[in-house]
Amino acid sequence: MDKKDKLQLSETDICDLFITPALKAQQWDSMTQIRREVTLTPGPVIVRGNVASRNQKKKKFADYVLSWKPSLPLAIVEAKSNGFSVSHGLQQALDYAGILQLPCAFSSNGDGFASHDKTAPAGADIETELALEDFPTPDELWRRYRSFHNIQPDEVALAEQPYFREVYGKEPRYYQVEAINRSVEAIAKGQRRVLLVMATGTGKTYTTFQIIWRLWKAGKAKRILFLADRNILVDQTLVNDFKPFGPVMTKVKNRKIDPAYQIHLGLYQALTGPSESDKIFKSLSRDFFDLIVIDECHRGSAAEDSAWREILEYFDSAVHIGMTATPKETEYVSNATYFGAPVYTYSLKQGIEDGFLAPYKVIRIDIDRDIEGWTPLPGMVDDLGNAVEEREYNQKDMDRILILNQRTKLVAERVMQLLRATDPMAKTIIFCEDIDHAERMRKAIVNAAGDLARDNSKYVMRITGDSVEGKAELDRFIDPEEPYPVIATTSQLLSTGVDTKTCKLIVLDRTINSMTMFKQIIGRGSRIDEDNNKYFYTIMDFKKATELFRDPDFDGEPVLIYAPDPEDDPVPPDPDPGPGDEGEGPNGPEDLPGVTKIRISGVDARIIAERVEYIGPDGNLITESYREFARKQITSEYASLDDFVRKWQASDRKKAIIDELEEHGIMLSNLAEEVGKDFGDFDLLCHVAYGQPPLTRHERAEKVKKRNYFGKYGDRARAVLSALLDKYADEGITTIEEAKVLRLRPFSEIGTPLEIINGAFGGKQHYERALRELEDEIYQQA
């Protein structure tokens with residue numbers, strides 16, 4: 001083929017006619033070793049208001065991934081059409097090779113190959129150009145891979161052991177392949193303690209299964225123990241990711257370990273206890289297990305006094321693998337103390353950038369009683385008539401010592417305000433201080449939800465360790481096909497391991513002083529579920545947890561933070577959860593002995609000043625007032641004042657515009673707190689976004705009255721419209737647009753809604769036209 005004809009070929013033609021034949025000529029197997037058009041990452045989710053979409057430009061898509069075996073990728077080849085140079089795609093290939101930790105990358109335009117070889121000896125060129133017929137063989141690239149990862153001859157058999165492949169099922173994602181390979185290679189080298197750090201939602205259990213499968217199939221580990229601390233973690237693992245083990249697998253129960261099985265899954269509570277008779281693991285020889293995997297190992301296995309540590313020390317000849325979502329701790333014990341540095345880390349930040357994990361918004365809310373504190377009047381008594389200690393109570397006391405019922409009500413109403421503005425059926429978890437608080441919050445949500453809770457009694461459920469009814473609904477709550485329960489109130493039961501991939505809202509009304517606890521809690525929302533339109537999630541923080549535990553290197557920055565001014569208000573550490581199968585004591589983890597709670601109904605609470613933080617186009621964190629945030633959001637939707645006025649005047653229902661703005665994070669009640677409560681919604685928005693001098697609702701109403709606008713109506717219709725205008729002045733435009741307004745006074749004194757609509761206006765159509773004309777008069781521009 002001459003050069004002119006070759007220049008006319010597409011990139012796909014170049015692959016089909018030149019690159020693939022060149023690979024096959026060097027003994028690359030097209031069925032098992034050559035993969036074409038491989039999606040490495042789907043691209044990050046971009047959030048705008050309440051709408052999300054993928055950034056396809058940042059999708060990572062390799063033209064070729066060459067593998068020694070399906071579990072062992074060796075090199076990347078990027079193809080370009082013949083109009084580009086042979087090395088044009090090499091930088092792209094190197095990027096992909098970097099995330100796969102591969103030594104070799106290639107680029108081709110059909111004339112030859114550009115090669116980058118990290119294993120080139122000292123003094124030799126790292127980058128070279130090769131003829132089509134000189135592409136390296138599979139044996140050569142496998143040699144380079146072994147050199148790059150320092151795989152010795154006696155380690156090859158284990159390193160080559162393939163992972164489990166489902167005929168029509170999923171394959172490991174690129175980072176899961178890397179985690180599996182790095183772990184297997186470390187064990188092949190004789191490493192006895194292995195730590196993997198993978199953010200919640202990235203498939204730690206599936207990765208664990210593949211590691212165990214390869215070690216088991218290779219005969220490196222014949223008997224395996226998988227340890228967790230909650231029944232639901234064990235049960236999910238047994239029936240889902242570990243299912244291929246089939247009849248060789250069992251769950252440890254009834255305080256018996258059956259040595260006839262090879263794969264054992266169990267709670268550490270089921271294997272050990274306070275007395276020697278409880279330590280059933282000692283019924284086995286110390287060398288019985290070859291491999292022990294500790295799921296969620298941050299939950300105590302590293303601590304010197306941990307019950308898990310006792311099991312690990314007994315089976316000290318086994319390989320110990322720790323799995324965690326937490327790369328570091330606070331001043332408390334670190335999992336790295338026991339296991340050493342992780343062999344592989346995949347962070348929440350990287351997962352979000354790749355598009356495998358959901359980005360998150362943060363709404364930080366400060367309540368006056370939390371921040372400013374509250375001191376009871378002398379001689380004050382609580383709801384039970386007990387004297388209240390005269391001291392200042394603040395955030396660390398709320399719902400642990402001091403229960404202000406109005407505060408609980410305020411939190412519930414704020415949660416429901418957000419849900420109603422976005423999606424009332426969005427799965428939501430509210431983390432509370434303890435079981436008592438979770439029950440009170442459940443009740444407050446029921447009252448705030450109104451018809452939503454009335455229509456289905458399971459709209460909100462308390463799901464805690466002591467609630468048989470709540471735990472019975474747990475499977476339905478996490479099932480994407482089940483609409484109810486929608487909201488779960490809890491303390492710790494849902495904080496770890498429970499796969500709630502459709503969760504869109506996480507509410508923190510719980511004091512958190514543990515990095516591990518914080519990461520596990522926010523991880524409940526980190527999964528993307530495209531089938532159910534879940535691309536991002538929201539964290540609503542009432543307790544400053546998101547401020548205390550910022551770990552941008554691992555977690556990344558939120559796409560949006562909407563928050564009050566920060567205050568340094570240290571909080572005490574979380575007490576350890578009580579014993580029990582679910583990691584939650586019968587009275588809740590913070591129902592501490594000797595603590596008597598003070599319950600008070602008559603003290604009000606309110607939300608105070610707010611600010612906004614979000615990531616700007618340059619990737620830096622921007623801090624601005626809520627007012628400035630609102631201005632940018634409004635002008636991004638309506639470029640000019642004329643655009644906004646036209647849309648406002650053309651809208652049959654102004655509430656539709658207000659609801660749309662709320663979906664973009666603009667809550668008019670919050671904006672009014674900063675700008676002025678007496679301005680109408682229209683004036684508030686025009687003033688903030690376009691600098692227009694605002695009129696109060698009463699000023700607009702007076703202007704309408706002075707125009708003698710009502711003269712064309714009969715006496716009865718004039719009385720109704722005049723009353724509607726007064727309602728607008730007092731309560732705002734959305735009130736007079738509601739159908740139920742005609743049932744309220746003074747309209748009820750004029751007649752029933754039907755009598756008013758038919759008798760005063762001649763029918764519904766005429767009434768709605770009159771209402772629309774009244775709104776036009778209200779918003780008439782001077």
Side-chain angles (χ1 to χ4, degrees), residues 367 369-370 374 376 381-389 393-416 428-449 453 457-474 477 485 487-495 506-514 517 521 540-543 545 571-603 605:
I367 296 174
R369 301 303 181 185
D370 295 7
W374 174 76
V381 296
D382 66 10
D383 291 352
L384 298 177
N386 299 315
V388 179
E389 181 184 356
Y393 296 86
N394 54 31
Q395 191 171 62
K396 64 177 178 289
D397 299 312
M398 296 300 165
D399 293 296
R400 289 189 164 201
I401 296 173
L402 178 66
I403 296 171
L404 297 180
N405 290 327
Q406 291 301 315
R407 183 192 178 283
T408 307
K409 180 181 179 182
L410 179 67
V411 171
E413 289 175 344
R414 186 65 183 87
V415 171
M416 289 310 305
T428 300
I429 306 175
I430 305 177
F431 287 94
C432 303
E433 292 288 359
D434 53 29
I435 289 175
D436 169 65
H437 185 200
E439 172 57 23
R440 288 185 290 103
M441 185 59 69
R442 183 201 64 78
K443 178 181 176 181
I445 291 287
V446 167
N447 291 330
S457 62
K458 293 181 180 178
Y459 181 77
V460 54
M461 296 286 293
R462 173 170 59 87
I463 302 180
T464 50
D466 72 324
S467 173
V468 175
E469 297 80 10
K471 286 199 290 185
E473 295 296 323
L474 179 56
F477 179 73
I487 302 174
T489 66
T490 189
S491 55
Q492 285 198 26
L493 183 58
L494 295 175
S495 65
I506 293 170
V507 180
L508 303 179
D509 198 23
R510 171 188 172 84
T511 303
I512 303 172
N513 201 46
S514 163
M517 175 63 72
I521 284 176
M540 182 176 278
D541 181 11
F542 290 90
K543 289 292 182 79
V571 291
D574 284 347
D576 290 333
D581 281 357
E582 303 301 336
E584 186 166 276
N587 300 313
E590 280 81 36
D591 285 350
L592 302 177
V595 175
T596 300
K597 293 187 178 182
I598 304 163
R599 301 170 187 265
I600 299 176
S601 297
V603 176

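The backbone N or O of I401 lies less than 3.5 Å from no partner atom in the side chain of D397, so there is not a single donor-acceptor pair. Between the T489 side chain and the A438 main chain, a donor and an acceptor come within less than 3.5 Å of each other.
You'll find the side chain of L404 reaches within 4.5 Å of the side chain of M398, heavy atoms only. Within the 4.5 Å cutoff, the side chain of F431 has heavy atoms near those of the T490 side chain. Using a 4.5 Å heavy-atom cutoff, the side chains of R440 and D399 are in contact. In this structure the side chain of V603 never reaches within 4.5 angstrom of the side chain of Y393, judged on heavy atoms.
From D383, atom CG reaches atom CD1 of I598 across 11.0 Å, with rounding to the nearest 0.5 Å. Distance check: W374 CH2 to I367 CD1 gives 15.0 Å after rounding to the nearest 0.5 Å. I600 CD1 to L384 CG: the interatomic distance, rounded to the nearest 0.5 Å, is 10.5 Å. In this structure, the separation between CE on M540 and CD1 on I506 is 12.0 Å, given to the nearest 0.5 Å. Between the CG atom in D509 and the OG atom in S491 there is a gap of 12.5 Å [rounded to 0.5 Å]. M461 CE to I487 CD1: the interatomic distance, rounded to the nearest 0.5 Å, is 12.5 Å.
Under the side-chain hydrogen bond (donor to acceptor under 3.5 Å, both in side chains) test applied with D370, the options K543, K396, R407 reduce to a single match, R407. When each of H437, Q395, E433 is paired with R400, the side-chain hydrogen bond (donor to acceptor under 3.5 Å, both in side chains) condition holds for E433 and for no other.
No salt bridge links D382 with K597; every basic N to acidic carboxylate O contact stays at or beyond 4.0 Å. A salt bridge links D436 with R599: the closest approach of a Lys/Arg side-chain nitrogen to an acidic carboxylate oxygen falls below 4.0 angstrom.
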Set out, in order, the CA-CA distance, both residues' side-chain angles and the distance that settles side chain to side chain contact (heavy atoms under 4.5 Å, CB included) for V411 and M441, then state yes or no. CA-CA 8 Å; V411 171; M441 185 59 69; 3.8 Å; yes

Going through the checks in order, is the side chain to side chain contact (heavy atoms under 4.5 Å, CB included) test met by K443 and N405? CA-CA 11 Å; K443 178 181 176 181; N405 290 327; over 6 Å; no

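Nearest heavy atoms, A453 versus Y459: CA-CB, 3.9 Å. Residue M416 comes nearest to A448 through the heavy atom pair CG-CB, 3.7 Å, listed as atom of the first residue, atom of the second, then distance. Closest of all the heavy-atom pairs between V388 and V381 is CG2-C, 3.7 Å.
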